[in-house]
J.: 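Below: one structure in structure tokens.
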Amino acid sequence: MAVKIREAKDEEIEEIAKICRDEIYDELSLEWVLDWLKSITFPYLQYFVADKNGEVVGFIDWTLYDRYGQQVMLEISLIAVKKEYQRRDIGRRLVEESLTKIREFWTGQGLKVVMFMVETEEENETARKFYNKILKPFHKRFVPEVWEKEGGK
């Protein structure tokens, strides 16, 4: 069966925490990572998973970074795929398919996603290459006026 990208279920947070700890924060305890992941709740943070035959093999989370009127800015704060499933296009699918779903969610709330962002450490060459490849066109810049002025344009 193929990998399916879908919204995470509440009971999958422990599996998400294991992947997060194993692939990103291996110096932290599972309990600490789990508590941290539970500290921000829906809809401010939304998880999507890569599901292969009922096994969570990867995840991404989208955080509400900022809101102004009817506009929102989102951030990819975490993304990870189990080592044995990496380099199989799952990360790209997590970004692209979850972005479509998260935009639909906020549109359903009467809000428009005007920007999304991701941060990575300068020395993390693997992550930078991944985001540059997936998020074309990818621009590193400061946007001084993201939000529309009050009352329209």
Side-chain angles (χ1 to χ4, degrees), residues 1-67 71-107 111-144 146-147:
M1 178 183 223
V3 173
K4 179 181 176 185
I5 308 302
R6 61 171 174 75
E7 291 180 45
K9 300 172 187 168
D10 289 340
E11 61 270 15
E12 293 171 323
I13 192 69
E14 289 187 39
E15 186 59 31
I16 290 169
K18 287 177 191 171
I19 296 170
C20 183
R21 192 255 344 254
D22 292 348
E23 304 302 333
I24 303 172
Y25 299 112
D26 60 351
E27 71 280 3
L28 301 175
S29 73
L30 179 59
E31 294 77 21
W32 192 94
V33 173
L34 185 58
D35 287 345
W36 175 53
L37 295 181
K38 288 180 175 180
S39 69
I40 303 173
T41 57
F42 181 88
Y44 302 103
L45 182 125
Q46 295 180 43
Y47 292 101
F48 294 84
V49 296
D51 176 319
K52 181 171 181 162
N53 299 325
E55 176 188 3
V56 175
V57 299
F59 77 95
I60 186 171
D61 73 25
W62 289 91
T63 304
L64 176 63
Y65 185 81
D66 203 353
R67 178 178 172 189
Q71 302 176 97
V72 294
M73 181 186 305
L74 303 174
E75 177 180 21
I76 297 173
S77 53
L78 295 169
I79 181 173
V81 175
K82 287 182 177 180
K83 191 159 302 293
E84 61 268 28
Y85 291 96
Q86 292 176 4
R87 306 224 179 266
R88 296 185 188 182
D89 216 28
I90 295 171
R92 178 194 61 79
R93 290 189 53 217
L94 276 164
V95 172
E96 292 175 353
E97 294 178 36
S98 68
L99 178 58
T100 298
K101 294 173 194 240
I102 199 81
R103 280 183 170 151
E104 290 171 359
F105 170 82
W106 287 107
T107 299
L111 302 170
K112 178 182 177 185
V113 176
V114 295
M115 179 181 278
F116 67 92
M117 60 181 279
V118 63
E119 292 183 53
T120 187
E121 295 174 358
E122 186 74 25
E123 62 273 1
N124 190 341
E125 187 68 24
T126 302
R128 288 182 32 236
K129 284 181 181 179
F130 170 78
Y131 289 120
N132 279 319
K133 179 180 174 185
I134 301 302
L135 300 175
K136 291 288 185 191
F138 186 76
H139 301 282
K140 291 193 270 184
R141 63 179 160 160
F142 174 74
V143 181
V146 173
W147 311 118

J.: Check E23 against A80 and note the closest heavy-atom contact, atom names and distance.
T.: CB-CB, 4.0 Å
J.: Identify the heavy atoms of V49 and L94 that sit nearest to each other, and give their distance.
T.: C-CD2, 3.8 Å
J.: Counting only heavy atoms from other residues, nucleotides and ligands, does the tally under 6.0 Å from OH of Y65 exceed 12?
T.: no
J.: Please report the interatomic distance CD(E12) to CD(E7), rounded to the nearest 0.5 Å.
T.: 11.0 Å
J.: Please check this pair: side chain of E14 against backbone of L34, looking for a donor-acceptor N/O pair closer than 3.5 Å.
T.: no
J.: Taking the six-membered ring for Trp, are W36 and Y25 ring centroids under 6.0 Å apart?
T.: yes
J.: Working to the nearest 0.5 angstrom, can you tell me the gap between R103 CZ and K112 NZ?
T.: 10.0 Å
J.: Answer yes or no: is there a side-chain heavy-atom contact under 4.5 Å between L74 and L64?
T.: yes
J.: Return the CZ to CG distance between F116 and L99, rounded to the nearest 0.5 Å.
T.: 5.0 Å
J.: Check K82 with E15, please: is the shortest side-chain N to carboxylate O separation under 4.0 Å?
T.: yes
J.: Okay, side chain of D61, backbone of S77: is any donor-acceptor separation there less than 3.5 Å?
T.: yes
J.: Restricting to non-hydrogen atoms, name the atom on E27 and the atom on I24 that form the minimum distance, rounded to 0.1 Å.
T.: OE1-O, 4.4 Å
J.: To the nearest 0.5 Å, what is the distance between CD on E75 and CG on L45?
T.: 10.0 Å
J.: Does NZ belonging to K101 count more than 12 external heavy atoms closer than 6.0 Å?
T.: yes
J.: Rounded to the nearest 0.5 Å, what separation is found between the CD1 atom of I90 and the CD1 atom of I60?
T.: 13.0 Å
J.: Heavy atoms only: give me the nearest W106-P43 pair and the separation to one decimal.
T.: CZ2-O, 3.5 Å
J.: Would you confirm whether R67, through its side chain, and L111, through its main-chain N or O, come within 3.5 Å as a donor-acceptor pair?
T.: no
J.: For residues L30 and K18, determine if any side-chain heavy atom of one lies less than 4.5 Å from a side-chain heavy atom of the other.
T.: yes
J.: Tell me the closest heavy-atom pair linking G91 and I79, and the distance in Å.
T.: O-CD1, 3.8 Å
J.: Which atom names give the shortest non-hydrogen contact between I76 and V118, and what distance separates them?
T.: O-CG2, 3.8 Å
J.: Tell me which one of E96, E97, E104 satisfies side chain to side chain contact (heavy atoms under 4.5 Å, CB included) with T100.
T.: E104
J.: Hey, are the side chains of V113 and I102 touching, using non-hydrogen atoms and a 4.5 Å cut-off?
T.: no
J.: Please tell me if the side chains of L37 and Y47 come closer than 4.5 Å, counting only heavy atoms from C-beta onward.
T.: yes
J.: Please report the interatomic distance CD1(I16) to NZ(K38), rounded to the nearest 0.5 Å.
T.: 11.5 Å
J.: Does CD belonging to E55 count more than 12 external heavy atoms closer than 6.0 Å?
T.: yes
J.: Verify, without hydrogens or angle tests, whether Q46 (side chain) and W62 (backbone) share a donor-acceptor contact under 3.5 angstrom.
T.: no
